[in-house]
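Report on the structure given below.
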Amino acid sequence: MRISSVVLQMHQTFSIELPSLQLPSRMETHLWYILPDEVKCTSLLKHYSQLLSPLEKAKVLQLRGDELKKNALLARTLVRTTIARYQTVDPRSLMFKKNMYGKPEVDWGNYNNCNSPPLHFNISHTHSLIACGVTVHVPVGIDVEDKERKIKHDVLAFAERFYSADEVKLLSIIPDPEVQRKEFLKLWTLKEAYVKALGKGFSAAPFNTFTIQSKSGTKGGYNLCKTSKIAANSLERTKKCNREWKFSLLELADSHYAAICSEDDQASGGAPMRVIVQKTIPFVEDELISESKLL
Amino acid sequence: MTTTFISSISMQARVSASTTRFSLKKHVSIFNNGKTNNLSFSLQCSMPARLAVSCAAKQETMEKVSEIVKKQLSLPDDQKVTAGTKFTELGADSLDTVEIVMGLEEEFGITMAEERAKEIATVQQAAELIEELVLEKTA
């Protein structure tokens with residue numbers, strides 16, 4: 001280990017092996033997150049950059065500023081190492097593609113794993129937290145936001161412009177502006193998570209065409225209700241009958257709201273989503289977060 | 001900072017008694033401070049030949065867009081933002097992009113349909129959509 005005479009860099013011992021992981025069950029979502037502030041070791045970051053494809057590296061370099069570059073690097077590293085651990089493959093060997101609407105997914109073309117259940121993932125990040133959700137068999141969408149994030153516009157004006165009428169009603173009766181802002185943000189993460197789980201792009205589910213409301217009596221349970229605008233399309237109506245969506249909203253690292261949305265697998269018998277949260281530094285350590293704070 | 005716009009096909013405005021409508025497909029390169037942005041895309045504009053309206057967004061519009069973007073993302077005034085700069089390159093996430101759209105709507109007095117607003121990824125694209133909507137509004 002080289003110690004610069006001018007700056008002492010934080011050294012994190014890391015392994016070159018990645019311990020494998022057991023796949024989530026059908027009723028689970030695994031949520032992994034990295035806190036960029038905990039990853040400072042330059043040799044570790046260099047190791048991460050060696051996992052990325054040339055295209056990924058180029059995209060990282062396009063970003064303006066060291067923090068953005070580092071976070072983009074960590075995001076790709078989290079995706080590659082996490083999926084590689086579930087599938088016991090070299091993280092460098094994974095290939096990715098986008099569905100026809102631009103949602104990233106794994107390209108399993110290279111592998112002979114007809115026995116392996118299809119893994120789904122989705123990623124979200126803020127400047128201080130990077131998260132990756134993983135499910136099997138069903139699509140997943142996640143969104144994370146810093147709890148303290150300030151909205152530059154008036155919250156109600158924003159909601160009136162973009163959210164559904166029912167959601168605006170709900171927000172407008174909250175007297176405390178801080179509480180209102182937090183509820184607005186929680187709704188944002190839930191709505192984003194849904195659109196990302198759907199994977200058909202923003203225009204397939206404009207925010208004002210659906211309402212997400214909490215199920216009374218169930219902590220952490222939310223319902224998705226579509227406004228008649230969507231139901232008017234007979235094709236959507238048929239689809240709507242067949243698919244249900246499960247939501248989970250939690251607090252991560254005391255600093256972020258995280259919303260998870262996954263398609264309800266009828267086999268799970270309508271049970272609520274079970275979320276297993278782990279904080280990680282790839283190649284260094286995992287920490288199971290024993291209490292996932294449901295909101 | 002000056003942005004010079006060069007078109008590879010010259011628009012020959014033939015002055016005639018009647019309005020001639022024509023369709024233009026052209027490749028555009030944006031130069032900025034001597035550095036080629038290599039931003040090339042096809043523009044299809046259908047307009048009366050006797051109107052000298054440029055297909056690309058006005059410098060003024062682009063500057064206003066840059067200002068709004070910088071404000072939303074809390075970037076310093078001297079942060080370099082060019083026509084081809086992607087919002088994501090500056091660190092904008094989806095919530096930022098929506099707030100940027102709101103800021104642009106307020107500034108220009110327009111409403112962007114969500115599908116169109118989502119297509120905006122760069123300053124140039126935002127400015128062009130704005131001008132199109134402003135034109136529709138005043139038409």
Original post:
Is it the side chain or the backbone of B/Glu105 that comes within 4.5 Å of chain A heavy atoms, both, or neither?
Top reply: side chain

Subject >> Non-neighbouring partners of A/Phe207 that pass ring pair (Phe, Tyr, Trp, His ring centres under 6.0 Å), sequence neighbours left out >> reply: A/Trp188, A/Phe202, A/Phe210

**OP:** Would you mind listing every salt bridge (Lys or Arg N to Asp or Glu O under 4.0 Å) that reaches into residues 64-74 of chain B, with sequence neighbours excluded?
**Re:**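 Only B/Lys64-B/Glu107 qualify under salt bridge (Lys or Arg N to Asp or Glu O under 4.0 Å).
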
**OP:** List in chain and number order the residues that pass side chain to side chain donor-acceptor pair (under 3.5 Å) with A/Ser262, two or more places apart in sequence or in another chain; answer none if no residue qualifies.
**Re:**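 Per chain and number, A/Ser262 pairs via side chain to side chain donor-acceptor pair (under 3.5 Å) with no residue.
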
Exceeds 12 heavy-atom contacts within 6.0 angstrom, atom [atom1] of [X]:
X       : atom1 : result
B/Lys86 : NZ    : no
A/Lys57 : NZ    : yes
B/Glu60 : CD    : no
A/Asp66 : CG    : no

Original post:
Is the side chain of A/Arg64 donor-acceptor paired with the backbone N or O of B/Lys80 at a distance under 3.5 Å, no angle test?
Top reply: yes

Original post:
Any residues in residues 144-155 of chain A near chain B, with a heavy-atom distance under 4.5 Å, and which are they?
Top reply: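 Answer by number: A/Glu145, A/Arg149, A/Lys150, A/Ile151, A/Lys152, A/His153.
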
**OP:** For side chain to side chain contact (heavy atoms under 4.5 Å, CB included), just list the numbers for B/Thr111 and A/Arg161, CA-CA rounded to whole Å, side-chain angles, deciding distance to a tenth of an Å, and then say yes or no.
**Re:** CA-CA 10 Å; B/Thr111 305; A/Arg161 174 71 182 83; 3.7 Å; yes

Taking all non-hydrogen atoms of both residues into account, name the closest pair between [X] and [Y] and its distance.
X       : Y        : value
B/Leu95 : A/Leu185 : CD2-CD2, 3.9 Å
B/Ser94 : A/Glu192 : OG-OE1, 2.9 Å
A/Leu63 : B/Thr88  : CD2-O, 3.6 Å

